[in-house]
Amino acid sequence: MKYNFNEIETKWQKYWAENKTFKAINNSEKPKYYVLDMFPYPSGAGLHVGHPLGYIASDIYARYKRHQGFNVLHPQGYDSFGLPAEQYAIQTGQHPAITTAENIKTYRRQLDQIGFSFDWSREVRTSDPSYYKWTQWIFIQLFNSWYNNDNNKAEDISSLTTIFSSEGNTNVNAVCDDNIESFSAEEWNAFSSEKQQQILLQYRLTYLAETEVNWCPDLGTVLANDEIVNGVSERGGHPVIRKKMTQWSMRISAYTERLLQGLDTIDWTDALKESQRNWIGKSVGASVTFNVNEHDAVIDVFTTRPDTIFGVSFMTLAPEHELVSQITTPEQKAEVDAYILATAKRSERDRMADVKTISGAFTGAYAEHPFTKEPIPVWIGDYVLAGYGTGAVMSVPCGDERDYAFAKHFNIPIPNIFDGVDISEEAFADKANTKIGNSDFLNGMNYKKATKRAIYELEQMGQGEGKTNYRLRDAVFSRQRYWGEPFPVYYVNGMPQMIEAEHLPIKLPEVEKYLPTETGEPPLGNATVWAWCTETNSVVSNDKINDTSVFPLELNTMPGWAGSSFYFMRYMDPENPNEMASKEAMDYWQDVDLYIGGSEHATGHLLYSRFWQKFLFDKGVVPVDEFAKKLINQGMILGTSAIVYRVSGTNQYVSNGLKGDFEIEEIRVDVNMVNSSDEIDIEELKKWQPQFNDAEFILEDGKYIVGREVEKMSKRWFNVVNPDNICEQYGADSLRLYEMFLGPLEQYKPWNTAGITGVHSFLKKLWKLYVGENGLHVNDATPTKDNLKTLHKTIKKVQEDIENFSFNTSVSTFMIAVNELTAQKCTSKEILEPLLVLISPYAPHIAEELWNQLGNNESVSTAPFPEFDASHLVESSKNYPISFNGKMRFTMELPLDMSKDDIEKAVLGNEKTQEQLGGRTPKKVIVVPGKIVNIVG
RNA sequence: GCUCAAGUGGCGGAAUUGGUAGACGCGCUGGAUUCAAAAUCCAGUUUCUUCGGAAGUGUGGGUUCGAUUCCCACCUUGAGUACCA
């Protein structure tokens, strides 16, 4: 009987689906274990071999945990709202729901053929109304909450209005907008309802505000900070400009400190934690207020070095700073205006790229130093960013490189306030080795002391206070797109109102066109049935809008990260129509034990999810405030592109080895036309694209050899390898083993189809170990010592590997085990049966088939993981390596229970040792028990 | 610029309390089988070598009887971040 992988794999995939082998139950005697993958966005291109890498790893772990007796939750679903489906709809008019459903079908087929142990009964789709009902529900919860700094948690908005109506807002310690006017209880109660709503918006955890946002004209939408890379949009690389718009925002700033501290409680990689820390960007320092001379104005600055306040010799404002026009003197106006114009013309990107050029302008105004009362010139400069801190800095040229360079460039004095430090060449920014001088009451103090004292003095004068600043901004939550969650919001007199939870979901309306309207409104502006009737509590036609009961609905939709910020909780109870998930389900599953996914989500999905989880925890909805205990980032599988070389200006193509003699252009061609020796099939190439139809080829040794380049697997490089082909040719088990065998999980590694024959022939050998020409040749023979040794060292190694996520090395371990057992002619069931359990997480189909052939009726996945017995590995003696002066010379068999002294005697009495020593007496003999004997002569 | 990670055969990669470097696989070489090919099996495969050995884990130092592993400096590559006051 041959190893017919196609037949076996189809058979068992069908069996698992029909028997619901991997269905997880929400209560069990067994301990729970939750293994989660980052769910995919179902793109039109389908899966390539790079996509399943993380899924295979998590599947191995999930199957391993089942063998260990855990009740395992291992779900999968689709992040199915998003831009590509919408852009496809704009081009073709096809409804995104239809294309998305088609894509999901392809994904499901491709995932199924790899043999994952997902519990598909728990599938979620973020674009499904029964799912986004809960996305909308969470939005309403956020709207109805404020953040109380006194007890450090989110509270219901009703507790805030209670305080307002009894004592006003002066004692409220909340995370809210800046510049809130204070009011008394009487004033609050006298405010109109609209005014009250306006004020509450400044406290709510999601709020509507006119803010400066990142507007991407080409995409026709605003973007969050994490969707912008190097000043252009992450998707498509379009330019992004700053623009003031009224938008929904999420008050994630309320959670900065808890998001930071929570990182210490979870087992995520240091790199990932570090990038979240950087993104949050905490810096501790002080805010200082400088009075502007001859103006009724103050400049607030944030500084991390209040200890250097006596070193201030000028101040710098961002060119966009609101005070600039107010304080600029008539003489300086022309220069300042010209500078502002020049910087406005430069794109964000130019400004970032060019950090060396120093530029700025003097406003003519002076501020007053809070202690010395000296006048300080006020400049503007584009090295100060409007978006960070207050958009103004106190410049201390002796202690900051940028201030130093600016001062040098404009000939501003550089007073030295550091004792015994030479600042004639560069600034001294070292906090640790500072002794302050020339600074009145700070003289002689170190950084720590001086900082404390300076803040104290500033507070005494009412000119400043200790302050912590964060880089993390509130997250803009509106998108001007069609294919996203609609907001459960309608407007009465311009004020947003929430639709009551019992009327959710508010389903996405049908539209004729998916593009924004001519007036710049989002695509939902094209909907004709998109108004809310408060009498019937339903969506009605726009033409019924009146002032009393029918109101316009919000036209924006939610961003991509909304639906992915709680899906891991919904998996626990995905069909529940009454709750996001039942309390029993959440109490049972608690959180994700192992989360595997790409590191590109470090500052997006993974930060927002933590934010929502903490909020839902505050509200008592979820039982824990970090959703994933452990997280692993899998690396990427790269493609190996194939390149042909066209001789410039001709239709001739030159082989790789000869290209040096020509002026050439590189053209990437489909890797599937190239064999493992980098030789391309010329006939296929000619047919592949019209430009090659009558091309001529300059060959080497009668062949055309392509060039190779390792890069991201992508359609545009024609280097995509489809898992369908691999499964068909070698089987899913080969694919699974090979993806693991390629290298460490976290690493980036190139795909090379040629290498798969190694793991494939291993599976054939494994099959042959069990099945011969005339059927199964496994019997009840008593295992030999060698059999047991092979089995148990394999158990030990595989278990260690899985627990350390070193899946690549256990594939080698299996190969060695099968080779050894084959050489030992092992037929013993006692050995061969547990071996299948070890292999089944990696290659489940073949394991299931052989397990079944051995006469088991239950799935192999229900079998316990074999127990390791060290006694089979213990030896009575060991080959000790003997070295002379550190050089390995020979080995010597010695009993394991021998004492140190006896080993020394035995070694020195040995003939070979005598030979090595050549009559000399050794100075020293070093014995490391169980390892080595070293003789020093 | 800063932060982090990594540098081992032709290639992917093994090797952790510091103890025989190159496991396992690909590729390559030779052989068996075959009319031939594929498949399969066997042997070999770090480099140099006067066949005794010698050198060898990015480079240069250090600690140690002994270093791929620990320490210092440097070089290279990759990732992240970037005027954050």
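Here is the naming used below: chain letters follow the sequence lines, and residue numbers restart at 1 for every chain.
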Report summary line: A/Lys467 NZ to B/C84 C1', in whole Å, measures 13 Å
Report task. Answer with base, sugar-phosphate or nothing: what part of the nucleic acid does A/Gln747 contact at a heavy-atom distance below 4.0 Å? Result -> sugar-phosphate
Query raised in the report: Can you check whether A/Ile436's main-chain N or O pairs, donor with acceptor, with A/Ser439's side chain at less than 3.5 Å?
Result: no
Requested in this report: Taking atom P in both B/A82 and B/U3, compute the distance separating them and give it to the nearest angstrom.
Outcome: 16 Å
Report summary line: Testing B/G25, B/A85, B/U40 for proximity to the side chain of A/Ser761, the answer is B/U40
Report summary line: Expected label for B/G52 (glycosidic angle, syn inside 90° of 0, else anti) would be syn
Query - Integer angstrom distance from the C1' of B/U47 to that of B/G10 - result: 13 Å
Report task. Could you check whether A/Pro744 gets within reach of a base, just the sugar-phosphate, or nothing at all, counting any heavy atom under 4.0 Å? Result -> sugar-phosphate
Query raised in the report: Taking the same atom, P, in B/A15 and in B/G25, what whole-Å distance lies between them?
Result: 16 Å
Query raised in the report: What stems involve RNA chain B, if each pair must be Watson-Crick or G-U and both of its distances must be under 3.5 Å, with 3 or more such pairs in a row?
Result: B:1-7 with B:75-81, B:10-12 with B:24-26, B:27-32 with B:40-45, B:46-48 with B:53-55, B:58-62 with B:70-74
Report task. Determine the Euclidean distance between corresponding P atoms of B/A39 and B/G27; express it in Å to zero decimal places. Result -> 9 Å
**Report entry** Inter-nucleotide C1' distance (B/A14, B/U69), Å rounded
**Finding:** 14 Å
Query raised in the report: Side chains of A/Tyr388 and A/Ser283: donor-acceptor distance under 3.5 Å anywhere?
Result: yes
Query raised in the report: Where the side chain of A/Ala754 is concerned, which of B/A23, B/C84, B/C26 is the nearest nucleotide?
Result: B/C26
Requested in this report: Would you mind classifying the nucleic acid contact of A/Asp403 as base, sugar-phosphate or nothing, using non-hydrogen atoms under 4.0 angstrom?
Outcome: nothing
Query raised in the report: Roughly how far apart are A/Thr813 OG1 and A/Glu800 CD, rounded to 0.5 Å?
Result: 9.5 Å
Query raised in the report: When rounded to the nearest Å, what value does the distance between P atoms of B/C72 and B/U40 take?
Result: 50 Å
Report task. For the residue pair A/Asp403 and A/Tyr383, confirm or rule out a side-chain donor-acceptor distance under 3.5 Å. Result -> yes
Report task. Answer yes or no: is there a side-chain heavy-atom contact under 4.5 Å between A/Trp268 and A/Leu606? Result -> yes
Requested in this report: Report the glycosidic orientation of B/G18: syn if within 90° of 0, anti in every other case.
Outcome: anti
Query - From B/A15, B/C24, B/G80, nucleotide with atom closest to A/Ser275 side chain - result: B/G80
Query raised in the report: With distance as the sole criterion, is a donor-acceptor pair present between the side chains of A/Ser287 and A/Asp300 under 3.5 Å?
Result: no
Query raised in the report: Within this structure, what is the CG-to-P distance between A/Asn752 and B/C28, rounded to whole angstrom?
Result: 12 Å
Requested in this report: For the residue pair A/Trp379 and A/Phe406, categorise the inter-ring angle as parallel (less than 30°), tilted (30 to 60°) or perpendicular (more than 60°).
Outcome: perpendicular
Query raised in the report: The side chain of A/Thr757 lies closest to which of these nucleotides: B/C83, B/C26, B/G13?
Result: B/C26
Query - Atom pair distance, as rounded to whole Å: CD in A/Gln276 and P in B/C4 - result: 18 Å
Requested in this report: Measure from the side-chain heavy atoms of A/Ser283 and tell me the nearest of B/A82, B/G13, B/A85.
Outcome: B/A85
Query - Distance-only side-chain donor-acceptor flag, A/Thr289 / A/Gln463, under 3.5 Å - result: no
Report task. Assess whether ring pair (Phe, Tyr, Trp, His ring centres under 6.0 Å) is satisfied between A/Tyr842 and A/Phe814, documenting all intermediate values. Result -> CA-CA 10 Å; A/Tyr842 292 81; A/Phe814 293 139; 5.1 Å; yes
Requested in this report: Check every atom of B/A15, B/G25, B/U81 against the side chain of A/Phe741 and return the nucleotide holding the closest atom.
Outcome: B/G25
Query - Proximity to RNA chain B (any heavy atom under 4.0 Å), residues of residues 762-772 of chain A only - result: A/Lys764, A/Lys765
Query raised in the report: Can you check whether A/Arg277 has a side-chain N or O nearer than 4.0 Å to OP1 or OP2 of B/U3?
Result: no
Query raised in the report: What's the closest nucleotide to the A/Tyr388 side chain, out of B/G13, B/A85, B/G25?
Result: B/A85
Report task. Would you mind reading off the distance between A/Glu401 atom CD and B/A82 atom P, rounded to a whole angstrom? Result -> 18 Å
Report task. Go through B/A15, B/A82, B/C83 for me and flag the one nearest to the A/Arg471 side chain. Result -> B/A82
Requested in this report: Take atom P in B/U77 and the same atom in B/C71, then report the distance between them in whole Å.
Outcome: 24 Å
**Report entry** Distance, C1' atom - from B/U16 to B/U68, rounded to whole angstrom
**Finding:** 11 Å
Requested in this report: Quickly work out the A/Leu607 CG to B/U81 P distance and round it to whole Å.
Outcome: 13 Å
Query raised in the report: Has A/Glu600 got more than 12 heavy atoms of other residues, nucleotides or ligands less than 6.0 Å from its CD?
Result: yes
